[in-house]
Protein chains: 2
Amino acid sequence: MSTIQKVAKEAGVSVATVSRTFNLPDKVNAETRKIVEQAAARLRYIPNASARSLRTQRSQTLGVVLPTLNNPVFAECLQGIAQAAAAAGYSIMPFTTDYLLKQEESAVRALHGFGVDGLILVVSDPRASATLDFVREQNIPYVLAYNSNDEHPCISVDNPAAFARMVAYLVSLGHQRIAMVSGRRSDSDRAQQRYSGFLAGMTAAGLQPHQAIIEVPFIDNAVDQIVQALQHKPRPSALVCSNDLLAIRAIRAAHQLGLRVPDDISITGFDGIRLGQDLTPSLTTISQPNADIGRYSVSLLIQCLSQGSKPGPSASLLLNYVLCPAESSAPPSQVLGG
Amino acid sequence: MSTIQKVAKEAGVSVATVSRTFNLPDKVNAETRKIVEQAAARLRYIPNASARSLRTQRSQTLGVVLPTLNNPVFAECLQGIAQAAAAAGYSIMPFTTDYLLKQEESAVRALHGFGVDGLILVVSDPRASATLDFVREQNIPYVLAYNSNDEHPCISVDNPAAFARMVAYLVSLGHQRIAMVSGRRSDSDRAQQRYSGFLAGMTAAGLQPHQAIIEVPFIDNAVDQIVQALQHKPRPSALVCSNDLLAIRAIRAAHQLGLRVPDDISITGFDGIRLGQDLTPSLTTISQPNADIGRYSVSLLIQCLSQGSKPGPSASLLLNYVLCPAESSAPPSQVLGG
DNA sequence: TTGTACGCGTTATCAT
DNA sequence: ATGATAACGCGTACAA
């Protein structure tokens, strides 16, 4: 391995000069700089990040904690994080939790030991989170992504409003028997907020939620569970799903019952994963700017870091969402409607 | 921040004893160990990873370089990597390249500067790769994922054989006019290997490839491009796509032309992304064990590291793939067949 | 069993 | 403009 020492020897200067050549180029004579640069190139010198961060107390690394990369929402977000971080000269260190609180916490501990400069977190629920307690106690700069909570800096969309808007859209198409499909609401604040948006939307339209919420504990066998639920009559004319992954499975469930989408039943998602628009039928959904949520999280964090400050609740950003009407929704059929 | 020094003072012992308490527990008296552990817990001591890796020359960190997380294949793989790494006490540091060689290289340079213990790479083409030259020159332990090449340690499936098998399956259904849809073959060795598998499969069946290969440079407007291609008569009765993302778009293209899948045209993918089986029609595909490819990469790497060796070409693993017949493929219709 | 002291590769302070 | 050197936090030979 080539170190700053070897470069110094090779160039016939002191280590201090080599260091300056890279960190404070204008503080070194143009000629000597050339010499050093060439020596460094010859030895393929690459500064040792551990030594640097030990010395500077900054790692140029951002920790990321999210539930799972098997949901494209978070994969797209991490892609945005990766791009923005790389562009700013930062590395990232992601951990996945599979929605397990224990893993949230151990991930943050590992990240702290690592000395990350900041944290981007998607936590289960910010309201009672040992993870966040720890982060605050250690005074680590952080941003929450997708979560929204008054007491923390959050990059998110207005989940209740967005979900209510989806309901309003379906109502405007003529739907009245609308049922919601949700994952475990205890898994995340998003699930809860979307549910409250559902209730608000229905109330605003003067409607009662159609039958109990269809709660799908495990997404693996979601199709079967939705098939079950759809067999109760009267059947809803529209299904609003808590996320796109669930919506895709709901569409499958409908087909298994011989129902056409959207002719016999409308189905909507939430998240705006890229694949949604290429499906057939394409997915009516609330599109969140997933990559941007990641990018903004990075830039907010980095901006604060450069100022020696850290993001507070007032730095929260509510990004725009877009209701994307697509082929999976349509007015209810006459036969079933009423 | 609490350091080993402070813990030592708090416990009334030397720093060496504190260090040993965590790294060589049996070399320290049970009583003093208790005292140290309690002191450490009281101060919420977490060892500084930079200092440790500077000292030990090992970072307990694995670098990962892959094209993009917007393709679920790589997202699922990274999920597997993240799980396996965390379980083994390693952190990961991923970079995305967007299929750009420049970024492949700069990622690896950054990772090297960081002092990662090993590298998991999905490169464009191992045959002529400045990235791999650098990695070898620096003597960094590495594994290639998805790539397959005799001169490198690779975790992958037999792409040509798998693709040929897909062709054979369609032929067995009665298809004869089979066309291939591919991304830019210059983008990756996988694309090339799958294409050669296509040719081999067709030859083995005594068939000519139906019309020229449908090459889709950019996946964003893939649907339009496939629509264009499908308008030439005679139309293929089956479309074999180079990956699942392309297949999903091909299905959409078919629908736009009023073709039913699989009644009027069969469409197959490759990769086995999880979503595929929940689509309607569900996707006939070659299913790769994406998460396992990640997990095996990690364990191979870590195993070698613990032995002080590094993976060589002979450590390559060819994992099993599974042909998954599903709803997007069926025998050709009588009208169009022949 | 425990403590002392050096060095890992940098950056930054203070001289020159 | 450049050089010598201390310090970042830790692990480990070596000494006690």
Q: Mind grabbing the angle between the end helix axes of the helix from C/dT1-D/dA16 to C/dT16-D/dA1? Five pairs an end, 10° rounding.
A: 40°
Q: Round to a whole Å and report the spacing from CD1 of B/Ile4 to P of C/dA5.
A: 16 Å
Q. By a strict heavy-atom criterion of less than 4.0 Å, which residues belonging to residues 49-57 of chain A are in contact with DNA chain D?
A. A/Leu54, A/Arg55, A/Gln57
Q: Grab the CE-C1' distance between A/Met1 and C/dT10 for me, whole Å please.
A: 12 Å
Q.
Under 4.0 Å, heavy atom to any atom of DNA chain C: which of residues 10-32 of chain A qualify?
A. A/Ala16, A/Ser19, A/Asn23
Q) Partners of B/Ser14 by side-chain hydrogen bond (donor to acceptor under 3.5 Å, both in side chains), sequence neighbours excluded? A) B/Thr17
(Q) Can you list everything that forms a side-chain hydrogen bond (donor to acceptor under 3.5 Å, both in side chains) with B/Asn139? Sequence neighbours excluded, please. (A) B/Lys310
Q) Which whole-number value in Å describes the distance from A/Leu43 CG to C/dG9 P? A) 14 Å
Q. Roughly, in whole Å, what's the span from NZ in B/Lys6 to P in D/dC8?
A. 10 Å
Q. B/Ser156 and B/Ser148: which non-hydrogen atoms are nearest, and at how many Å?
A. OG-CB, 3.4 Å
Q. Should the ring pair A/Phe74 and A/Tyr99 be called parallel, tilted or perpendicular, given that the plane angle runs from 0 to 90° and is split at 30 and 60?
A. perpendicular
Q: Verify side chain to side chain contact (heavy atoms under 4.5 Å, CB included) between B/Tyr142 and B/Val123, making sure each step is shown before the conclusion.
A: CA-CA 12 Å; B/Tyr142 72 98; B/Val123 299; over 6 Å; no
Q) With a cut-off of 6.0 Å (strictly less than), are more than 12 heavy atoms of other residues, nucleotides or ligands near CZ of A/Arg42? A) yes
Q: Mind calculating the distance between CD1 (A/Ile46) and C1' (C/dT10) to the nearest angstrom?
A: 15 Å
Q | A/Phe95 to B/Ser91 - nearest heavy-atom pair and separation | A | CZ-OG, 3.7 Å
Q: In whole angstrom, give the distance that lies between atom CZ of A/Arg58 and atom P of D/dA7.
A: 20 Å
(Q) In whole Å, I'd like the distance from the CG atom of B/Asn48 to the P atom of C/dC8. (A) 18 Å
**Q.** Donor + acceptor pair across side chains of B/Gln83, A/Asp98 (<3.5 Å)
**A.** yes
Q.
Rounded to the nearest 0.5 Å, what separates atom CG in A/Leu54 from atom OG in A/Ser59?
A. 11.5 Å
Q: List in numerical order all residues of residues 33-40 of chain A for which some heavy atom is under 4.0 Å away from an atom belonging to DNA chain C.
A: none
(Q) I'd like to know whether CZ of A/Arg184 has more than 12 heavy-atom contacts from other residues, nucleotides or ligands below 6.0 angstrom. (A) yes
Q: May I have the distance from B/His112 (atom NE2) to C/dG9 (atom P), rounded to whole angstrom?
A: 12 Å
Q: Inspect the surroundings of CZ in B/Arg44 and state if more than 12 heavy atoms from other residues, nucleotides or ligands are less than 6.0 Å away.
A: no
Q: Kindly determine whether A/Ile155 and A/Leu319 satisfy side chain to side chain contact (heavy atoms under 4.5 Å, CB included), including the steps that lead there.
A: CA-CA 7 Å; A/Ile155 312 289; A/Leu319 300 182; 4.0 Å; yes
Q. Any chance the side chains of B/Glu76 and A/Asn70 put a donor and an acceptor closer than 3.5 Å?
A. no
